[in-house]
Amino acid sequence: MSSPRDKQMAEAEELLTDVGARLGFAKGLFFGLHLGDKLPAYPAAGDDPAAVALAARLREFCAAEVDPVAIDRDARIPDAVVRGLGQLGVLGACLPTACGGLGMSQASYCRLLEVLGGHCASTALFVNAHHSIGPRALVLFGTPQQQARWLPKLASGEWISAFALTEPQAGSDAANVQTRAEPTPDGTGFLLNGEKRWITNGSVAQVLTVMARTPMPGSKETKITAFLVTPDMPGFEVVEARMSKCGVRGTATSRLAFHNMFVPRENVLGELGKGLKVALTVLDFGRTTFGASCTGAAHFCVEHAARHAASRIQFGQPLAAFELVKEKLAYMAAGAFAMESATYQTAALIDSGSEDYMLETAMLKVFATEVLWRIINDTIQIYGGKAYFTDQPFERMMRDARINMIGEGANDVLRVFVALVGLRAVGLELKGVLDALGKPLGNLGRLGSFATRRLSMWLLPPEIPVHHPELEAAAQRLAMLLRAFRSHGERLLRQHREGVMDRQYQLGRLADAAIELYVSSCVLNRLDALPRHVRDEAQRQSQWRTGNYYLLSAARRIRQRLAEMWEHDDDHTTRAADGLLGDLLGKPAVAGDAHPQKHA
């Protein structure tokens with residue numbers, strides 16, 4: 001009998017196999033490749049004048065109608081704000097024009113979320129939960145009949161949507177959904193039983209996408225299926241309408257329960273048993289707009305921190321004159337620039353029609369949320385005690401930003417995901433070569449191709465072409481880092497083979513390096529397009545300086561993380577953690593090293 005872990009691995013393998021034959025840009029990094037043809041041109045803000053105009057109108061609307069202080073204090077987004085967002089078209093921005101949406105690209109939609117993120121995190125999250133992971137599933141997986149029935153009112157904002165995945169035993173572990181959907185004897189539908197918690201918009205939504213486990217015909221196994229649910233269905237219960245929470249207090253975060261709730265068969269969204277694919281696909285879109293809302297908040301902090309540092313006099317000098325403040329300001333500016341670059345590059349990747357972007361969106365989500373957290377923290381440090389009080393926005397922004405590193409995939413889970421998915425492709429190639437060595441005469445072509453590529457990669461780093469000579473040094477530095485990254489990843493696979501899945505200390509470091517390599521590629525692509533996209537000379541020079549500083553500092557962090565792959569204190573870390581657990585819980589600590597390793 002297979003264990004729960006074996007079942008989860010089988011479901012994950014099925015999902016990964018869907019895109020396994022396609023080598024996207026981020027997966028190519030693990031081979032030491034810079035697949036420039038997989039990275040679309042960086043989108044200029046002026047590419048979509050309609051989106052620029054709508055972003056300007058949204059900014060005016062926010063200034064006049066959206067009071068983030070009142071929303072946080074009252075723990076509610078006013079109905080007038082929701083209506084106004086619907087009238088502007090924000091709540092249906094990316095939905096098809098045929099159903100009343102604006103038909104905007106992902107990159108253009110991100111510009112709207114950037115405005116919202118820089119003004120009110122609660123409103124940004126409300127819109128993201130409604131649009132990015134609600135009706136998006138209908139657009140991607142719904143039948144024409146489902147789309148005609150549900151999308152028009154969702155596009156106008158007359159109906160609000162929610163995405164109900166999380167439950168007591170299933171959060172980042174999306175495959176562990178326990179809510180059950182049993183088919184009725186007459187075959188007309190399903191009876192849902194279970195509970196969901198922490199569902200954004202859960203108590204205010206008129207349409208919910210609910211994940212439930214269904215038995216598979218002709219098999220004893222169960223798989224996750226997506227259902228379209230409405231709160232008027234008998235058996236639908238709002239257990240707690242608005243759960244009190246630390247931040248993004250304006251959103252309605254709810255607990256729900258289903259008691260023998262009948263859902264018609266025609267409300268199955270996508271294929272039976274393919275709900276996990278629905279969930280993970282729409283989360284890719286949500287993670288991209290997460291990056292956009294974080295970018296808006298980051299720009300807000302950078303501007304205010306810089307102005308305060310320049311005007312606040314201490315010890316006879318402006319704060320900005322002190323090097324430790326300069327260090328913070330430089331990191332903040334570079335982080336915000338890199339975050340913005342990765343957000344719009346990833347959005348452009350989705351808009352290009354690529355079918356494989358799950359690694360890129362996961363990388364963006366981890367990077368944007370963690371860089372924003374540090375930017376807010378540094379902003380508070382620069383402001384000092386002034387930022388600690390509620391007449392300034394930063395304590396609220398700090399509370400709002402903390403959930404970003406948990407929601408839509410906890411960052412530690414995503415780190416392991418990034419490393420394992422990237423290494424999987426490399427491992428499959430190495431396994432194929434080892435198998436071919438067993439029958440060399442029948443696999444001369446495969447072995448020859450592999451040997452040629454490995455020899456060329458050993459002799460030369462990957463080529464990263466750039467248009468501007470000033471970027472050649474940065475491109476060459478990135479290429480050298482890619483070659484080193486591939487080598488460290490393969491060494492990890494050789495040492496641990498299938499056991500690599502449990503090497504989370506090292507997987508985390510490898511993921512950190514991979515994330516910075518991806519973001520560095522986005523920044524380099526953006527800098528290469530600056531002369532075409534930015535006409536103002538002062539603005540162009542500012543972006544050039546900031547982007548190049550990010551590339552330099554990221555290269556240092558990448559080298560450090562790769563060095564720590566083999567020079568570390570992991571065995572002592574395990575002993576300390578297990579000792580603490582033993583002291584507190586009365587259980588013996590794990591004896592010896594959990595993962596004995598040789599230091600390089």
Side-chain angles (χ1 to χ4, degrees), residues 92 95-96 98-101 129-131 133-167 170 174-175 177-197 199-239 241 254-282:
L95 301 185
C99 69
H130 162 75
H131 187 289
I133 59 175
R136 177 76 69 174
L138 264 169
V139 172
L140 295 172
F141 299 99
T143 65
Q145 293 79 12
Q146 289 172 336
Q147 292 174 357
R149 178 183 177 187
W150 308 101
L151 284 179
K153 289 187 177 181
L154 290 171
S156 68
E158 183 179 348
W159 286 350
I160 300 302
S161 73
F163 192 82
L165 169 65
T166 306
E167 51 188 63
V177 165
Q178 300 300 310
T179 297
R180 299 278 300 191
E182 298 289 344
T184 57
D186 60 7
T188 59
F190 297 81
L191 291 179
L192 266 66
N193 285 279
E195 60 179 304
K196 300 289 181 180
R197 66 177 180 181
I199 306 304
T200 304
N201 297 345
S203 61
V204 300
Q206 286 76 37
V207 184
L208 300 92
T209 304
V210 175
M211 297 293 152
R213 189 166 290 280
T214 54
M216 297 305 294
S219 171
K220 293 183 179 180
E221 66 177 342
T222 61
K223 289 189 176 183
I224 298 170
T225 298
F227 294 89
L228 293 167
V229 167
T230 57
D232 58 354
M233 291 177 172
F236 184 103
E237 180 189 4
V238 177
V239 178
S254 312
R255 284 199 301 139
L256 310 173
F258 315 120
H259 310 285
N260 284 328
M261 182 177 70
F262 176 75
V263 180
R265 179 170 288 276
E266 56 266 26
N267 283 29
V268 171
L269 182 59
E271 298 179 48
L272 195 70
K274 297 291 186 180
L276 194 57
K277 180 179 180 180
V278 173
L280 297 183
T281 300
V282 296

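If you read the sequence from its start, that first residue is 1, and numbering goes on from there. All of these numbers come straight from a predicted model, not from anything done at the bench.
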* Asked: Of the non-hydrogen atoms in Leu138 and Gln146, which two are nearest, and what is the gap between them?
  -> CD2-CB, 3.9 Å

Name every donor-acceptor pair, under 3.5 Å, that has one atom in a side chain of residues 152-161 and the other anywhere in the protein, sequence neighbours excluded.
from	atom 1	to	atom 2	distance (Å)
Ser156	OG	Lys153	O	3.1
Ser156	OG	Glu158	N	3.2
Ser161	OG	His130	O	2.6
Ser161	OG	His130	ND1	3.4

* Asked: Quick one: side-chain hydrogen bond (donor to acceptor under 3.5 Å, both in side chains) pairs with a partner in residues 178-191, sequence neighbours left out?
  -> Glu167-Thr179, Asn176-Gln178, Arg180-Glu182, Thr184-Asp186, Asp186-Thr188

* Structure fact -> residues 201-212 vs salt bridge (Lys or Arg N to Asp or Glu O under 4.0 Å), sequence neighbours excluded, gives none

* Tell me, please, which residues at least two apart from Phe236 pass ring-ring contact (aromatic ring centres under 6.0 Å, His included). => Phe258

* Asked: How about Val139 and Pro96: do any of their side-chain heavy atoms sit closer than 4.5 Å?
  -> yes

* **Results of salt bridge (charged side-chain N to carboxylate O under 4.0 Å, His left out) for Glu195 - residues two or more places apart only** => none

* To do: Identify, with sequence neighbours excluded, every residue that meets side chain to side chain donor-acceptor pair (under 3.5 Å) alongside Asn193.
  => Asn260

* To do: Could you pull out the closest heavy-atom pair between Pro215 and Thr222, with the gap in Å?
  => CA-CG2, 3.9 Å

* **Test ring-ring contact (aromatic ring centres under 6.0 Å, His included) applied to Phe227 and Phe141, Phe163, Phe190, the passing residue** => Phe190

* Distance in Å, Leu208 CG paired with Gln206 CD, rounded so as to fall on 0.5 Å steps -> 9.0 Å

* With sequence neighbours left out, write down each residue that passes side chain to side chain contact (heavy atoms under 4.5 Å, CB included) with Ala226, or none if nothing qualifies. => Thr209, Met211, Leu269, Val278

* Partners meeting side chain to side chain contact (heavy atoms under 4.5 Å, CB included) with Ala164 (sequence neighbours left out) -> Lys196, Ile199, Val210

* Any side-chain hydrogen bond (donor to acceptor under 3.5 Å, both in side chains) pairs touching residues 225-237, not counting sequence neighbours? -> Thr214-Thr225, Thr230-Asp232, Glu237-His259

* Structure fact -> dist Lys277:NZ -> Lys223:NZ (nearest 0.5 Å) comes out at 12.0 Å

* **Exercise: identify the closest heavy-atom pair between Leu151 and Cys99** => CB-SG, 3.6 Å

* Set of residues satisfying side chain to side chain donor-acceptor pair (under 3.5 Å) with respect to Ser203, sequence neighbours excluded -> Ser254

* To do: List for me each residue that meets side chain to side chain contact (heavy atoms under 4.5 Å, CB included) alongside Pro264, sequence neighbours excluded, and say none if there are none.
  => Met233, Phe262, Glu266, Asn267

* Quick one: salt bridge (charged side-chain N to carboxylate O under 4.0 Å, His left out) partners of Arg255, sequence neighbours excluded? -> Glu240

